[in-house]
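Before any comments, here is the structure.
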Amino acid sequence: MFSKEAFRIFEESINRYHVIDRVDQTFENPYPSGTIEHLLYRKNWIDTVQWHYEDLIRDPDIEPGAALKLKRKIDASNQDRTDLVEYIDSYFLQKYKGVKILEDATINTESPAWAIDRLSILALKIYHMKEETEREDASEDHLKACGQKLSVLMEQKKDLSAAIDQLLADIEAGRKYMKVYKQMKMYNDDELNPVLRGQKQG
């Protein structure tokens, strides 16, 4: 099933990142350009780096200048993440372009790629929650609470994976159809963000 292979690639990306465990490490994609595997690996790597950006920016002792620089990296990462989601949806649009859509076909509340985005983030949550269950310096209460949370995350993985696979099966059979809206983020656009627009006009 697609979700199983996607999750395997997400785990591969997460494990590879944590060998060095630095946000500034060199990125190398082991999958050929133009393949869905390449897109999935890149997508999760972006999510993984951003996960650790978010950890760093929450340091109470971070200097304001460093925090501002990091915030801009997070903004850029968010844009990269959105772009990758759209690339993944483009893959599915191309893959299913010849499918005959049934008369009673319905649209889903989210595209396949946005559901896959959630699975990528879930893989990170599972990885880091599992780490918490293995901490030797943590209390028994902490280990127990994190173990319970990990169980919930694993159940969520099962449900989300099944939903993704069902959605793809429905699209392939014409029971559902894709309608992708390009993201219209306003805060990076110097015509739509009033602060940037003011600077441009000034």
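Any value given below was found using the heavy atoms of this structure, including those in side chains, with hydrogens, waters and symmetry copies removed. All figures in this text were calculated on a predicted structure; none of them were measured in a lab.
Considering OG1 of Thr35 and OH of Tyr41, their distance stands at 12.5 Å, rounded to 0.5 Å. To the nearest 0.5 angstrom, Lys130 atom NZ is 13.0 Å from Leu153 atom CG. For the atom pair CZ (Arg8) and OG (Ser13), the distance works out to 11.5 Å, reported to the nearest 0.5 Å. Between atom NZ of residue Lys69 and atom CD1 of residue Ile62 there is a gap of 11.0 Å, rounded to the nearest 0.5 Å. Within the model, atoms CD of Glu28 and CZ of Arg16 stand 8.0 Å from one another, a figure rounded to the nearest 0.5 Å. Here the straight-line distance linking atom CD1 of Ile57 with atom CD1 of Ile74 works out to 4.0 Å at 0.5 Å rounding.
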Derivation of the salt bridge (charged side-chain N to carboxylate O under 4.0 Å, His left out) call for Arg118 and Glu110: CA-CA 11 Å; Arg118 291 167 53 205; Glu110 63 183 351; 2.6 Å; yes

CA sep, side-chain torsions, deciding dist, call: Thr48, Asn44, side-chain hydrogen bond (donor to acceptor under 3.5 Å, both in side chains): CA-CA 6 Å; Thr48 303; Asn44 181 266; 3.1 Å; yes

Criterion side-chain contact (heavy atoms from CB on, under 4.5 Å) on Val49 and Ser77, from CA distance to verdict: CA-CA 8 Å; Val49 171; Ser77 179; 5.8 Å; no

Ile88 and Ile36: CA distance, side-chain angles, deciding distance, side-chain contact (heavy atoms from CB on, under 4.5 Å) verdict: CA-CA 7 Å; Ile88 293 169; Ile36 186 60; 4.1 Å; yes

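In terms of hydrophobic clustering, with Ile, Leu, Val, Met, Phe, Trp and Tyr side chains grouped at heavy-atom distances under 4.5 Å, Tyr177 and Leu168 are assigned to different clusters. When hydrophobic clusters are built by joining Ile, Leu, Val, Met, Phe, Trp and Tyr residues whose side-chain heavy atoms come closer than 4.5 Å, directly or via intermediates, Ile14 is not grouped with Tyr31. With hydrophobic clusters built from ILVMFWY side chains whose heavy atoms lie under 4.5 angstrom apart, Ile101 does not share a cluster with Met178. Residues Ile121 and Leu150 do not share a hydrophobic cluster, clusters being chains of Ile/Leu/Val/Met/Phe/Trp/Tyr side chains in contact below 4.5 Å. Residues Leu143 and Met129 fall into different hydrophobic clusters, defined by Ile, Leu, Val, Met, Phe, Trp and Tyr side chains chained together at heavy-atom separations under 4.5 Å.
Counting all heavy atoms, side chain and backbone alike, Thr133 lies closest to Gly147 at CG2-N, 3.7 Å. The minimum heavy-atom distance between Pro32 and His38, with the atom names listed, is O-CB, 3.1 Å. Across every non-hydrogen atom of Ala6 and Leu119, the tightest pair is CB-CD2, 4.4 Å. Taking both residues in full, the closest heavy atoms of Val23 and Tyr53 are given as CB-CE2, 3.7 Å, listed atom of the first, atom of the second, then distance. Closest non-hydrogen pair, Ser111 versus Leu167, comes out as C-CD2, 4.3 Å. When all heavy atoms of Ala123 and Phe10 are compared, the closest pair comes out as CB-CB, 3.9 Å.
In this structure, the side chains of Ile164 and Pro112 stay at 4.5 Å or more apart for every pair of heavy atoms. At a threshold of 4.5 Å between non-hydrogen side-chain atoms, the residues Ile116 and Phe92 count as touching. With contacts defined as side-chain heavy-atom distances shorter than 4.5 Å, the pair Tyr127/Glu11 does not qualify. Taking 4.5 Å as the limit, some side-chain heavy atom of His128 sits within range of a side-chain heavy atom of His18. With a 4.5 Å cut-off on side-chain heavy atoms, Lys157 and Ser3 do not count as touching. Annotation: side chain of Glu155 is not in contact with side chain of Ser151 (no heavy-atom distance under 4.5 Å). Counting only heavy atoms from C-beta outward, the side chains of His52 and Asp55 approach each other to under 4.5 Å.
Ring centroid separation for the pair Tyr96 and Tyr91 does not come in under the 6.0 Å cut-off.
A cation-pi arrangement is present between Arg42 and Phe27, with the terminal nitrogen or guanidinium carbon under 6.0 Å from the aromatic centre and inside a 45° cone about the axis.
A salt bridge does not link Lys144 with Glu140: every distance from a Lys NZ or Arg NE/NH1/NH2 to an Asp or Glu carboxylate oxygen is 4.0 Å or more. Between Lys176 and Asp170 there is no salt bridge, since none of the side-chain N atoms of the basic residue sits less than 4.0 Å from a carboxylate O of the acidic one.
Side chains of Asp83 and Gln79: a donor on one and an acceptor on the other come within 3.5 Å.
With a 6.0 Å radius and a threshold of 12 heavy atoms from other residues, nucleotides or ligands, Glu134 has its CD atom above the threshold. Other residues, nucleotides and ligands contribute at most 12 non-hydrogen atoms within 6.0 Å of the CZ atom of Arg22.
Between the side chain of Arg58 and the main chain of Glu54, a donor-acceptor pair closer than 3.5 Å is present.
Using cut-offs of 30° and 60° on the angle between ring planes, the pair Tyr17 and Trp45 is perpendicular.
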